[in-house]
Amino acid sequence: MEPKTLLNISRFIVFLGLITGLIYQRTDHIYRTFVALVGLYIPDMAEKYFPNPHSKLRAFLAPIYNKKTMALLGVFIAIHVSLLNVPFTTVDLFHKEWRNADVISHFLGGVAVWAITAEVLLNLSTEGYLKLTRRKLVVYSFLVLFVLSLGWEVMEKLSESVISYIYESIENKIRDTIMNALGGLFALYLVLKRKYPFEVNLNH
């Protein structure tokens with residue numbers, strides 16, 4: 001499937017989530033899906049209004065201009081918001097009906113975050129800001145993924161006092177971090193073996 005088509009399907013699924021939030025007057029889901037929908041249109045807006053970013057920004061913005069990378073991100077966002085509220089129902093698989101649904105989000109999140117991180121590092125190296133080998137790119141990208149995963153889990157833990165139903169045990173936190181890493185490993189496989197969403201043309 002073409003990346004643009006996949007991204008549009010993801011947008012449509014998120015839009016259905018927005019309609020669902022409006023139907024059932026779920027303010028949290030309306031806000032969540034609206035932000036997600038705007039975010040998924042950023043690549044189109046960047047392409048139209050900011051087609052030639054400054055050279056110093058190009059490496060950091062590269063994933064936004066890569067439809068394949070954005071397709072991976074779109075799949076993650078569409079599935080994640082659908083788990084939080086299954087379209088046209090009041091079912092919240094993520095927090096209530098099926099608490100283990102978060103393994104899906106964490107895996108797909110790991111795929112998207114690692115791909116974006118690795119692409120930024122690759123472009124920083126290509127532009128001459130970093131001198132990375134393929135091995136260093138893999139190590140650094142997984143280090144960033146681990147730090148972001150840890151930061152997310154800490155933020156979730158701190159928010160438990162405000163939102164009681166998102167309480168998770170330490171074992172669950174460890175599982176989430178492992179799923180993020182597995183998602184990253186799957187993305188690594190896609191990049192090295194399938195050259196998707198980009199190709200790493202660095203020395204070993």
Side-chain angles (χ1 to χ4, degrees), residues 1-53 57-95 98 101-120 122-123 141 145 148 152 179-180 182-200:
M1 185 180 292
E2 288 295 317
K4 180 67 174 179
T5 302
L6 192 57
L7 186 56
N8 282 332
I9 291 173
S10 299
R11 289 165 175 164
F12 179 68
I13 292 172
V14 174
F15 176 72
L16 293 181
L18 176 59
I19 297 300
T20 300
L22 291 169
I23 290 173
Y24 293 102
Q25 299 181 355
R26 280 198 58 182
T27 306
D28 59 333
H29 202 59
I30 293 171
Y31 172 78
R32 180 187 300 126
T33 51
F34 177 76
V35 171
L37 202 56
V38 171
L40 288 177
Y41 275 100
I42 287 177
D44 287 1
M45 291 187 287
E47 193 175 84
K48 183 176 181 179
Y49 299 108
F50 196 43
N52 297 303
L57 295 175
R58 189 180 300 120
F60 294 99
L61 299 178
I64 295 176
Y65 294 89
N66 185 343
K67 289 288 192 299
K68 295 178 180 179
T69 304
M70 290 298 98
L72 290 180
L73 180 63
V75 169
F76 160 60
I77 291 175
I79 292 177
H80 180 65
V81 299
S82 297
L83 291 172
L84 286 164
N85 193 334
V86 178
F88 302 112
T89 74
T90 57
V91 175
D92 182 349
L93 292 173
F94 200 91
H95 293 128
W98 183 40
D102 64 341
V103 299
I104 300 172
S105 286
H106 282 286
F107 179 83
L108 294 175
V111 172
V113 171
W114 184 88
I116 291 170
T117 301
E119 188 168 3
V120 169
L122 174 64
N123 280 275
S141 58
L145 176 61
L148 292 176
W152 178 262
M179 292 308 299
N180 290 337
L182 290 176
L185 287 172
F186 180 69
L188 176 62
Y189 164 79
L190 290 177
V191 168
L192 296 184
K193 298 300 182 182
R194 304 291 182 180
K195 298 178 181 179
Y196 189 98
F198 53 85
E199 181 179 0
V200 178

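Worth saying up front: this structure is predicted, and the values here are computed from it rather than measured.
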Any side-chain heavy atom of I30 within less than 4.5 Å of one from L18? yes

Next on the checklist: Within a 6.0 Å radius of atom OH on Y65, are there more than 12 heavy atoms belonging to other residues, nucleotides or ligands?
Outcome noted: yes

Only one of L188, N180, L72 passes side-chain contact (heavy atoms from CB on, under 4.5 Å) with V111, and that residue is L72

- Test log, rule side-chain contact (heavy atoms from CB on, under 4.5 Å), inputs W98 and D92: CA-CA 8 Å; W98 183 40; D92 182 349; over 6 Å; no

Sorted by chain and residue number, the salt bridge (charged side-chain N to carboxylate O under 4.0 Å, His left out) partners of K67 (sequence neighbours excluded) come out as E47

The reported gap from CE in M1 to CG in N8 (rounded to nearest 0.5 angstrom) is 10.5 Å

Practice item. Report yes if some heavy atom in the side chain of Y24 is under 4.5 Å from a heavy atom in the side chain of N85; otherwise report no. Key: no

Test your reading of the model: is there a side-chain donor-acceptor pair from S10 to the backbone of G74, 3.5 Å cut-off?
yes

Interatomic distance, CZ@F15 vs CD1@I9, rounded to 0.5 Å, equals 16.0 Å

request  = I would like to know whether L6 and V75 meet side-chain contact (heavy atoms from CB on, under 4.5 Å); could you show each step before the answer?
outcome  = CA-CA 8 Å; L6 192 57; V75 169; 3.8 Å; yes

Does atom NZ of K4 have more than 12 heavy-atom neighbours, drawn from other residues, nucleotides or ligands, at distances under 6.0 Å? yes

| query | Is there a side-chain contact between I77 and L40 (heavy atoms, below 4.5 Å)? | reply | yes

| Under 30°, 30 to 60°, or over 60°: which ring-plane class applies to F107 and F186, parallel, tilted or perpendicular? | tilted

* Just wondering, do F76 and V113 contact through their side chains at under 4.5 Å, heavy atoms? -> no

**Asked** Is the NZ or CZ atom of R11 both under 6.0 Å from the centre of the six-membered ring of Y41 and within 45° of that ring's axis?
**Response** yes

Distance col, row S105:OG vs L93:CG, nearest 0.5 angstrom, shows 10.0 Å

Under 6.0 Å from the OH atom of Y31, do we count more than 12 heavy atoms belonging to anything else shown?
no

Smallest heavy-atom separation, S141 atom then W114 atom, equals OG-NE1, 2.7 Å

Output yes when a side-chain donor or acceptor of N123 lies under 3.5 Å from a complementary backbone atom of E119, and no otherwise. yes

| Counting only heavy atoms not in F60, do more than 12 fall under 6.0 Å of its CZ? | no

Check: So, K48 and D44, do they make that salt bridge, N to O below 4.0 Å?
Finding: no

message: Under the criterion side-chain contact (heavy atoms from CB on, under 4.5 Å), I'd like the reasoning laid out for V191 against Y196: C-alpha separation, chi angles, the key distance, then a yes or no.
response: CA-CA 5 Å; V191 168; Y196 189 98; over 6 Å; no

Apply the test side-chain contact (heavy atoms from CB on, under 4.5 Å) to residues F198 and K68: give CA-CA distance (whole Å), side-chain angles for both, the deciding distance (0.1 Å), then the verdict.
CA-CA 8 Å; F198 53 85; K68 295 178 180 179; over 6 Å; no

All heavy atoms of T89 vs all of V86, minimum pair found to be OG1-O, 2.8 Å

Counting only heavy atoms not in F50 (residues, nucleotides, ligands), do more than 12 fall under 6.0 Å from its CZ? yes

Please check: side-chain N/O of T69 versus main-chain N/O of P63, any donor-acceptor pairing under 3.5 Å?
no

To the nearest 0.5 Å, atom CG of N52 lies from atom CG of L57 at 12.5 Å

Does some side-chain heavy atom of L16 sit less than 4.5 Å from a side-chain heavy atom of F12? yes

Tightest non-hydrogen contact, residues P53 and R58, listed as O-NH2, 3.6 Å

Rounding to 0.5 Å, atoms CG (L73) and CD1 (I64) come to a distance of 9.5 Å

dist T27:OG1 -> R32:CZ (nearest 0.5 Å) comes out at 11.0 Å

